Asks: 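The following block contains the structure, expressed as structure tokens.
Note that this is a predicted model, so its numbers are computed, not measured. Chain letters run A, B, ... following the sequence lines, proteins first, then strands; residues in each count from 1.
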Amino acid sequence: MRCAIVDWYGRSARDLPWRGAGASAWGVLVSEFMLQQTPVVRVLPVWTEWMRRWPTPADLAEESRAEVLRAWGRLGYPRRALRLHASAAAIVESFGGEVPRTYEELLSLPGVGTYTAAAVASFAFGEREVVVDTNIRRVEARLVSGVAQPAASLTRAETDVAARLVPEQDGFGADSAARWNIAVMELGALVCTARSPKCVECPVVGDCAWVDAGRPAPPLDRPRRTQAWHGTDRQVRGAVMAVLRAAGGAADVAELGSAGEVAADRGVGGVARSRLGVAPTVVEVVYEPLAKLYALGAPQEQLERAVVGLVADGLAEWDGAAESQGTAEAILRLPR
DNA sequence: AATTCGTGGGC
DNA sequence: TGCCCAAGAAT
């Protein structure tokens, strides 16, 4: 059964630039950051340009956060870009500029959790690690457990199943564990998909507990996993970040002005002003176009919350250079 | 354990 | 159109 999946991978795997002998461990790590909750097709062009600009961790570590966030573009979850940047700095600081090899060392990096640590150890270094991502969870839920979907959150039982399936090193050829991990993941991505699985193309359809059971449907009453989007703070954060990315390099008043113009053209941007009091910072955001666009009940408060959140997360910062007499107009920009 | 955090394509 | 989903991590 495992051989059938590995053989299928040999025939059917996508040719992705972060796979294979040509890819560096850094390239693998970058790809894993970008692929967190983001589809491959959207990652490809950004990864390529990223590796051209910053071919080593040291190259990225020397870059400004603002430029890193711009290069991240519209991949989503921009905090991942900051964490990748911080990981690059940690790799330089603690590991001599080389991506560490072990699961524990990788796990110590910011933005690297259990999945990414195992994935990089496995895919970049060939270590025998138990990789469990959303694809692998779904494949094994069907193949082994006979249910349409895995549990809402990763369970011990799932990890045990995955661990049992990972072959010993050289169990069926060199790098057996890594090949198994990537093969199951690819099977989930291309064949054993969340919606409309292509069982007719599946190399192990004859061994599948879910197929044997007649492909039972998932429970109907499963809770919503996706947050509403329209009109949320999150949507506003995204709109503000888009404005800030569109701004030029280091922010000064002139550049913010250009950002405001760009935003006005699109109908979604604007100039944010803050009133910096003694403490805590009270941010008054003035932005009528955004309010009208989203037709929000309390748009100004919402924009204020979004901006404060972005600053708290290090995705934006205030330039208080114009501050005087306890009150100032400040410029919001990407962080240095 | 449940939430929060972007974005865009497919159905 | 609205909803679901995509190589998760941090809290």
Asks: C/dG8 P sits how many Å from A/L35 CG, rounded?
Replies: 8 Å

Asks: Across the strands shown, which category fits A/A119 at heavy-atom distances under 4.0 angstrom: base, sugar-phosphate, nothing?
Replies: nothing

Asks: Give a yes/no on whether any side-chain N or O of A/Q36 is located under 4.0 angstrom from OP1 or OP2 of C/dG8.
Replies: no

Asks: Roughly how far apart, to the nearest Å, are C/dA9 and B/dG8 at atom P?
Replies: 23 Å

Asks: Could you say whether A/D313 or A/S153 is positioned toward the 5' end of DNA chain B, judged by the nucleotide with the nearest heavy atom to each?
Replies: A/S153

Asks: Indicate the atoms forming the closest heavy-atom contact of A/A23 with A/P17, along with that distance.
Replies: CB-O, 3.8 Å

Asks: Classify the side-chain pair A/E67/A/S64 by whether it contains a donor and acceptor separated by less than 3.5 Å.
Replies: no

Asks: Can you see which heavy atom on A/A81 is nearest to which on A/V68, and at what distance?
Replies: O-CG1, 3.7 Å

Asks: Would you indicate, yes or no, if B/dG6 has its OP1 or OP2 atom less than 4.0 angstrom from a side-chain nitrogen or oxygen of A/R74?
Replies: no

Asks: Between B/dT3 and C/dC4, how far is it from one P atom to the other, in whole Å?
Replies: 16 Å

Asks: Compare side-chain N and O positions of A/R79 against OP1 and OP2 of C/dT11 and report whether any pair is under 4.0 Å apart.
Replies: no

Asks: Taking the side chain of A/Q149 as heavy atoms from C-beta outward, which of B/dG6, C/dA6, C/dC5 is closest to it?
Replies: C/dC5

Asks: Suppose you measure atom C1' in B/dA2 against the same atom in C/dA7; what distance do you get, rounded to whole Å?
Replies: 23 Å

Asks: With no hydrogens and no angle check, do the side chains of A/Y115 and A/Q36 hold a donor and an acceptor under 3.5 Å apart?
Replies: no

Asks: Quick check on A/E98: does its CD atom have over 12 non-hydrogen neighbours (other residues, nucleotides or ligands) under 6.0 Å away?
Replies: no

Asks: Would you mind reading off the distance between A/W229 atom CH2 and B/dG8 atom P, rounded to a whole angstrom?
Replies: 9 Å

Asks: Touch check for A/W72, heavy atoms < 4.0 angstrom, all strands: base, sugar-phosphate only, or nothing?
Replies: nothing

Asks: Mind jotting down which residue pairs meet the side chain to side chain donor-acceptor pair (under 3.5 Å) criterion with at least one end in residues 192-218 of chain A? Sequence neighbours excluded, please.
Replies: none

Asks: Rounded to the nearest angstrom, tell me the gap between atom CG in A/L154 and atom P in B/dA2.
Replies: 14 Å

Asks: Under the salt bridge (charged side-chain N to carboxylate O under 4.0 Å, His left out) criterion, do A/D160 and A/R156 qualify, and how do the steps go?
Replies: CA-CA 6 Å; A/D160 289 345; A/R156 176 58 189 273; 2.9 Å; yes

Asks: Base, sugar-phosphate or nothing for A/L75? Non-hydrogen atoms, less than 4.0 Å.
Replies: base

Asks: To the nearest angstrom, how far is A/R245 atom CZ from B/dG6 atom P?
Replies: 10 Å

Asks: Quick check on contacts: within residues 105-113 of chain A, what sits under 4.0 Å from DNA chain C by heavy-atom distance?
Replies: A/P110, A/G111, A/V112, A/G113

Asks: Any N or O donor-acceptor pair under 3.5 Å from the base of B/dG6 to the side chain of A/T38?
Replies: yes

Asks: Between N or O atoms, less than 3.5 Å apart, protein on one side and nucleotides 9-11 of chain B on the other: list the pairs.
Replies:
none

Asks: Can you tell me which residue pairs pass the side chain to side chain donor-acceptor pair (under 3.5 Å) test with a partner in residues 136-145 of chain A, sequence neighbours excluded?
Replies: A/N135-A/R138, A/R137-A/E158

Asks: Has A/E49 got more than 12 heavy atoms of other residues, nucleotides or ligands less than 6.0 Å from its CD?
Replies: yes

Asks: To the nearest angstrom, how far is A/L82 atom CG from C/dA10 atom C1'?
Replies: 14 Å

Asks: Which part of the nucleic acid, if any, lies within contact of A/T114, taking any heavy atom under 4.0 Å across all strands shown: a base, the sugar-phosphate backbone alone, or nothing?
Replies: sugar-phosphate

Asks: Could you tell me whether the phosphate oxygens of B/dG6, OP1 or OP2, come under 4.0 Å of any side-chain nitrogen or oxygen in A/R237?
Replies: yes

Asks: With sequence neighbours excluded, tell me which residues meet salt bridge (Lys or Arg N to Asp or Glu O under 4.0 Å) with A/R80.
Replies: none

Asks: Can you measure from NE2 (A/H85) to CD (A/E62) and round to the nearest 0.5 angstrom?
Replies: 9.5 Å

Asks: Take A/T116 and A/T193, find for each the nucleotide of DNA chain C with the closest heavy atom, and name the residue whose nucleotide sits nearer the 5' end.
Replies: A/T193

Asks: Using whole Å, report how far CE of A/M34 lies from C1' of C/dA6.
Replies: 16 Å

Asks: Starting at CG of A/L44 and ending at C1' of C/dA7, how long is that distance when rounded to a whole Å?
Replies: 13 Å

Asks: Could you give the CG-to-C1' distance, from A/L29 to C/dA7, as a whole number of Å?
Replies: 13 Å

Asks: Would you say that A/R65 contacts A/R336 through its side chain, given a criterion of any heavy-atom pair below 4.5 Å between the two side chains?
Replies: no

Asks: Do A/L109 and A/P100 have side chains that get closer than 4.5 Å, going by heavy atoms?
Replies: yes

Asks: Using heavy atoms and a sub-4.0 Å distance, could you list which residues of residues 4-17 of chain A are near DNA chain C? By number, please.
Replies: A/R14, A/L16

